[in-house]
Amino acid sequence: MSDPSSSFPIHLGESAQFACVRDFFRVADFNDTSLCRLLGMQDMSDLGRVAWDQLPFGNAQGQATEPKRSSTGGLDLLPVAEPAAHAGVAAAAAASSTSAAAKPCSPGLQWCIEVFIRGLKVEAESSRRVCGDEVFSALLALGLLRRSVKNQATVFCPVWVYPADGFVMVSDRRDDPETDAYTPPADVVFPAIYGGTLRFLRLLPPIPGGEALDLCGGSGIGALRLARTGRSAATADLTERSAFFAEFNARLNDLPVTSLCGDLYVPAAGKQFDLISAHPPFVPDTGAKMIYRDGGDTGEEVTRRIIEGLPASLRPGGLCVILCVARDTNDETFELRARQWLGVAAEYFDIVFGLEKILSVDEVVESMRRRSQVMSAAEAAQLRARLRALGTRQFAYGALFIQRFAEPVNDRPLRIRITPKAGAAEFQRLLAWRQHRRKPGFAQWLAGSRPRLAPELELTVRHLVQEGSLVPAEFVFSISNGVESALRPDAWIVPLLARLEGAQSVADVFAQARDELPAGFALDDFAGLVQGMIERGLLLSEPLAH
């Protein structure tokens, strides 16, 4: 890729310059683990809630000044893409002063926080002393430092630089320290540090020896994550700006990621991949365009086109992972509609949708009004009317996993409930189980298997007063880790399920309890219950043969 230095704030410099800066970050301990510990954060998405004035150190540069913030809020998303606010972040940062005092923040790390995280202007010569001549020159050459036009004795970072997921990432700032007003460009590069992005990264599975494509790649962090285990990883984005930033980030992190520019699959036309991932735009269009955010009339246009392209671009055995917001319509749920988008090849794909949150039409519109878009009451009413006219019942936020097979699947798409903790492993386990369930002889295998209760399983018993005494009236098996599920069995089945401890087979447990069971309750009925509990994560099956 060429270096359009006149258009973008950063430059694709020499390999030695990237290596020099990378080594400086390593020595300075500029990583997410150190920052979370120092700033009292749960993860890097808490950065916007840090109380800087309560930290145990002041400005390393006496003339540092706070950056101005954009009045447009141009980088905000619907709240479903943000984590729930972690109470007490500021207090935790203040409380961390004791441990931080025991291990003082190094001058290099403090300088990185002020210049790259907070976006402050700092003295050029004192910065040179902290960094060293070689690093200081490399930062200037790569565009990570720039001299202020207003005061040549000061420097600032024209982009946002921050650690995320073990990488050091670069994306656009939310302000311009050289001007009083700032409006982000339509092709602004979205930060890789918000809760939705960190959640997306947790959903990406390792792909040893595989080839991966991350669509709507933005800063490129998805492909960087995939490059850790894959044979090759590419990131593709519609805008030249994002493709350029992704190339810069790949070089900064010394990973062999290919950065492509074009409309979804177009720049990779004719190729197939083992994994295709995306965290696409999902906000309904309302007027002023923001490419990273806007997803067409209903917000799901990009998601639909990604799914439509899977038959041509995903290899048999391959997996697609999409974190998105899409619609449940008056006629069908999102996952059923996604199956239709696969066209005539749909029978070769298995679909699992992990639902994290439901939003009503009103909640989506009001969220858009409160946050990132200027919208009058009349425009909001028009948007509500448009969404309802298109059959929108509600919006569903979650993770869509689509796996392709060489043989027809013919399984109905499955919807499960997930929590923000959900990762790739929960979905891969479920998809593997569904594949195993389709094999000949599954019923016999299940009867002879030795499942066990999941370690996180809880049994809640509700008692009611009957004839003056408390008696058990309701039993609920539940689990909430990455997946949320519950089962309310009849009282007589609870002792039977409690015997599934991994030592006896399903058939043996049933046989031992035969005299305790209602007439007509057969082994097939018990096995069906066990199968459903394994699918929901309440029971763990024996390891599946591959």
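Between Arg339 and Glu335 there is no salt bridge, since no side-chain nitrogen of the basic residue lies less than 4.0 Å from a carboxylate oxygen of the acidic one. A salt bridge links Arg438 with Asp350: at least one charged nitrogen is closer than 4.0 Å to a carboxylate oxygen. Ion pairing between a basic and an acidic side chain is recognised when a charged N comes within 4.0 Å of a carboxylate O; Arg437 and Asp411 show such pairing.
Applying the side-chain hydrogen bond (donor to acceptor under 3.5 Å, both in side chains) test to Arg304 and every residue at least two apart in sequence or in another chain returns Glu308. Remark: Ala396 engages Asp328, Phe353, Leu355, Ile358, Arg415 in a side chain to side chain contact (heavy atoms under 4.5 Å, CB included) (not counting sequence neighbours). Legend: residues meeting side chain to side chain contact (heavy atoms under 4.5 Å, CB included) with Thr329, ordered by chain and number and at least two apart, are Arg327, Asp331, Glu332, Arg337.
Using a 30° and 60° split on the angle between ring planes, Phe24 and Trp111 fall in the perpendicular class, above 60°. The aromatic rings of Trp445 and Phe442 sit parallel, their planes meeting at an angle under 30°, below the 60° perpendicular limit. Ring planes of Phe8 and Phe244: tilted class, angle from 30 to 60°.
The local environment of CD in Glu134 is sparse, with at most 12 non-hydrogen atoms from other residues, nucleotides or ligands closer than 6.0 Å.
In terms of modelled atom types and a separation under 3.5 Å, the side chain of Arg404 and the main chain of Pro316 share no donor-acceptor contact. Counting only distance, with no hydrogens or angles, the side chain of Ser541 and the backbone of Pro451 share no donor-acceptor pair below 3.5 Å.
Seen from the ring of Phe477, Arg536 does not count as a face-on cation partner, given the 6.0 Å and 45° thresholds.
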